2 protein chains.
Amino acid sequence: MAATSQAVDDYLKAILELSGSATELVSSNALAARLGVRAASVTGMLQKLAAQRPPLVVYQKHRGVRLSSAGKQRAWEIVRHHRLLELFLHNILKYPLDEVHEEAERLEHFISERFEDRVAALLGDPKIDPHGHVIPHKHGTHAFPDEVPLADWPAGEPAVIRSVGDRDPAALRELQRLDLVPGVTIVVKVRNPNAVTLSALPGRNTPFRLSNELVNQIAVAATSR
Amino acid sequence: MAATSQAVDDYLKAILELSGSATELVSSNALAARLGVRAASVTGMLQKLAAQRPPLVVYQKHRGVRLSSAGKQRAWEIVRHHRLLELFLHNILKYPLDEVHEEAERLEHFISERFEDRVAALLGDPKIDPHGHVIPHKHGTHAFPDEVPLADWPAGEPAVIRSVGDRDPAALRELQRLDLVPGVTIVVKVRNPNAVTLSALPGRNTPFRLSNELVNQIAVAATSR
DNA sequence: AGAGAAATTTAGGCATCCCTAAATATCTGA
DNA sequence: TCAGATATTTAGGGATGCCTAAATTTCTCT
Ligand SMILES: [Mn+2]
Ligand SMILES: [Mn+2]
Ligand SMILES: [Mn+2]
Ligand SMILES: [Mn+2]
């Protein structure tokens, strides 16, 4: 497989991250917004990725794009780099949680296979990154975890925080301050259009309100098992 | 100071490494050979570097180029990244000695100041990289060590290996096999145009011949002190 | 069906960094 | 001094990846 540039890597990863289910098409505009480039630039790049041999994406004009199997492989590879790097930066180099993402976002494109393997070994073949995201295996993808966005979770039902978003440092600092980190159990008391109120919990005296901006950073799962 | 591209970094580092003494001019052809590009490309880049504000090099047409103080600062910065990374790869990630250079050569351009600082802390503010090269301080340059090329060392006088070249993996493996690594004491018995013969040494039964290719990888200093 | 939203196309441009080939200029040593 | 070595200039090009602006196509919803 031909080597991919940083820009290509970023497009593939963005398509992966925007396509919730594997078959869902991602629109050009969504990609443009996520990558901070113009729609015309996206169209150009998608055509290039689809024209490559083997193609990295399956591109349907006006309908959207999804990863080909080669594209999926490369995208997961980059995600593995990213999450291993984040854990390394946090656990070994003692980076604050809200600073790991930016550095990993840069370095993920440049580390070698050997670096990836040695870091994984140093960390003891970890399964979860410091935000609670699953670290994919070296070859092949990984099953989607059973987590759902907190915004979709029913009120009254206890839930465990599985992961938090890694892209917004300010939100991350706030979540840490509130102790809303992976592993913590919460209960939604009320859901409004713009916020969610969480019930009082052990170690916290009053119910409190979480803005959607923070709610959207959190993914949860049932407390059972 | 404006951010420098990878290509600019590589030019600055090459100028630094090719100018033995601080004031020595480096020729365009020497740079072209070291960087694996054409002389015409070098001329173009040198003009760009000299035109920058502040200038990164002092360029005298037909005579050569040397680093300005801004250029020197950036070049030493990259060298610090490189040598810290090499030591990190060797000591923490357990890379073989002959594989650290290539990875460091790539990553040196992309790590942040924070990464540099945290790696230095993890390694205990090291002074010497795994090839025996001095790791410059974070701000400002460093004094040149007292080492000289083995090719310039007088026969009969014992010498300690101070450093070995990091750019040729095959040569490095051979030097390790021969136990010619930093810290080891040697004596030159005979010098030929194409080789040097070392005297028998503790742990070695016969004198042996070292090709210039290997001799040129080694820098030594007096055994005293 | 028609309007508005979404996406694409086209045409031109910018920046970086590299290449070749040929002509020219400068330097240096015998 | 002058020939050969060294370096520069000029003029052309390629690749990547981004931009704008305007025109157009396609889709989707009412
Ligand atoms: Mn990899
Ligand atoms: Mn993460
Ligand atoms: Mn630095
Ligand atoms: Mn080294």
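Not measured: the values here are computed from a predicted model. Per chain, numbering begins at 1; letters A, B, ... match sequence-line order. In what follows, every heavy atom counts, from backbone to side chain, and hydrogens, waters and symmetry copies are set aside.
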Between N or O atoms, less than 3.5 Å apart, protein on one side and nucleotides 12-17 of chain D on the other: list the pairs.
unit_1, atom_1, unit_2, atom_2, d
D:dG17, OP1, A:Ser5, OG, 2.3
D:dG17, OP2, A:Lys48, NZ, 2.5

OP1 or OP2 of D:dT6 sitting under 4.0 Å from any side-chain N/O of B:Ser28?
->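 Checking B:Ser28 against D:dT6: no side-chain N or O falls below 4.0 Å of OP1 or OP2.
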So, B:Arg83 side chain and B:Val134 main chain: donor-acceptor pair closer than 3.5 Å or not?
->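 Flag set: sc B:Arg83 to bb B:Val134 pair under 3.5 Å.
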Restricting to non-hydrogen atoms, name the atom on [X] and the atom on [Y] that form the minimum distance, rounded to 0.1 Å.
{"X": "B:Ala120", "Y": "B:Pro126", "result": "O-CD, 3.7 Å"}
{"X": "B:Leu89", "Y": "B:Ala104", "result": "CD1-N, 4.0 Å"}
{"X": "B:Glu213", "Y": "B:Asp168", "result": "OE2-OD2, 3.8 Å"}
{"X": "B:Glu24", "Y": "B:Ser19", "result": "O-CB, 3.6 Å"}

Taking the six-membered ring where the residue is Trp, are the ring centres of B:Phe88 and A:Phe88 under 6.0 Å apart?
->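 Ring centres of A:Phe88 and B:Phe88 closer than 6.0 Å.
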Give the table of side-chain donor-acceptor pairs shorter than 3.5 Å for residues 32-53 of chain A, with sequence neighbours excluded, one pair per line with atom names and distance.
unit_1, atom_1, unit_2, atom_2, d
A:Arg34, NH1, A:Glu17, OE1, 2.9
A:Thr43, OG1, A:Ala39, O, 3.2

Using atom names, set out every protein N or O paired with an N or O of nucleotides 25-27 of chain D below 3.5 Å, distance rounded to 0.1 Å.
none

Can you give me every donor-acceptor pair (side chain of residues 90-97 of chain A, partner residue at least two apart or in another chain, under 3.5 Å) with its distance?
unit_1, atom_1, unit_2, atom_2, d
A:His90, ND1, A:Tyr95, O, 2.8
A:Lys94, NZ, A:Asn91, O, 2.9
A:Tyr95, OH, A:Glu103, OE1, 2.8
A:Tyr95, OH, B:Phe115, N, 3.0

Are any of the side-chain heavy atoms of A:Arg80 and A:Trp76 separated by less than 4.5 Å?
->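 Not touching, per the 4.5 Å side-chain cut-off.
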Side chain proximity check, A:Leu210 to A:Ile218, heavy atoms < 4.5 angstrom =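 When only atoms from C-beta onward are counted, A:Ile218 and A:Leu210 do touch, with a gap below 4.5 Å.
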Pairing residues for A:Arg173 by the side-chain hydrogen bond (donor to acceptor under 3.5 Å, both in side chains) criterion, not counting sequence neighbours =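 Only A:Asp98 meet the side-chain hydrogen bond (donor to acceptor under 3.5 Å, both in side chains) criterion with A:Arg173.
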What residues form a salt bridge (Lys or Arg N to Asp or Glu O under 4.0 Å) with B:Asp125, not counting sequence neighbours?
->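 B:Asp125 satisfies salt bridge (Lys or Arg N to Asp or Glu O under 4.0 Å) with no other residue.
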Please round to 10 degrees the angle between the axis of the first five pairs and the axis of the last five pairs in the helix from C:dA1-D:dT30 to C:dA30-D:dT1.
->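 About 0°, once rounded to a multiple of 10°.
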Chain B on DNA chain C: first and last contacting nucleotide, 5' to 3', under 4.0 Å to a heavy atom?
->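 Counting from the 5' end, contacts occupy C:dC17 to C:dT28.
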Under the side-chain contact (heavy atoms from CB on, under 4.5 Å) rule, collect the residues that match up with B:Ala221, sequence neighbours excluded.
->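 B:Ala221: side-chain contact (heavy atoms from CB on, under 4.5 Å) contacts with B:Asp146, B:Arg162.
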Residues that B:Glu108 engages under side-chain contact (heavy atoms from CB on, under 4.5 Å), provided they are two or more places apart =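 Counting only residues at least two positions away or on another chain, B:Glu108 forms a side-chain contact (heavy atoms from CB on, under 4.5 Å) with B:Asp10, B:Lys13, B:Ile78, B:His81, B:His82, B:Leu85, B:Glu105.
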Which residues in residues 33-42 of chain A have at least one heavy atom lying under 4.0 Å from any atom of DNA chain D?
->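 Nucleic-acid contacts, sorted: A:Gly36, A:Val37, A:Arg38, A:Ser41.
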Could you go through residues 189-198 of chain A and list every donor-acceptor pair under 3.5 Å that involves a side-chain atom there, pairing it with any protein atom two or more places apart or in another chain?
unit_1, atom_1, unit_2, atom_2, d
A:Arg191, NH1, A:Ala151, O, 3.2
A:Arg191, NH2, A:Trp153, O, 2.0

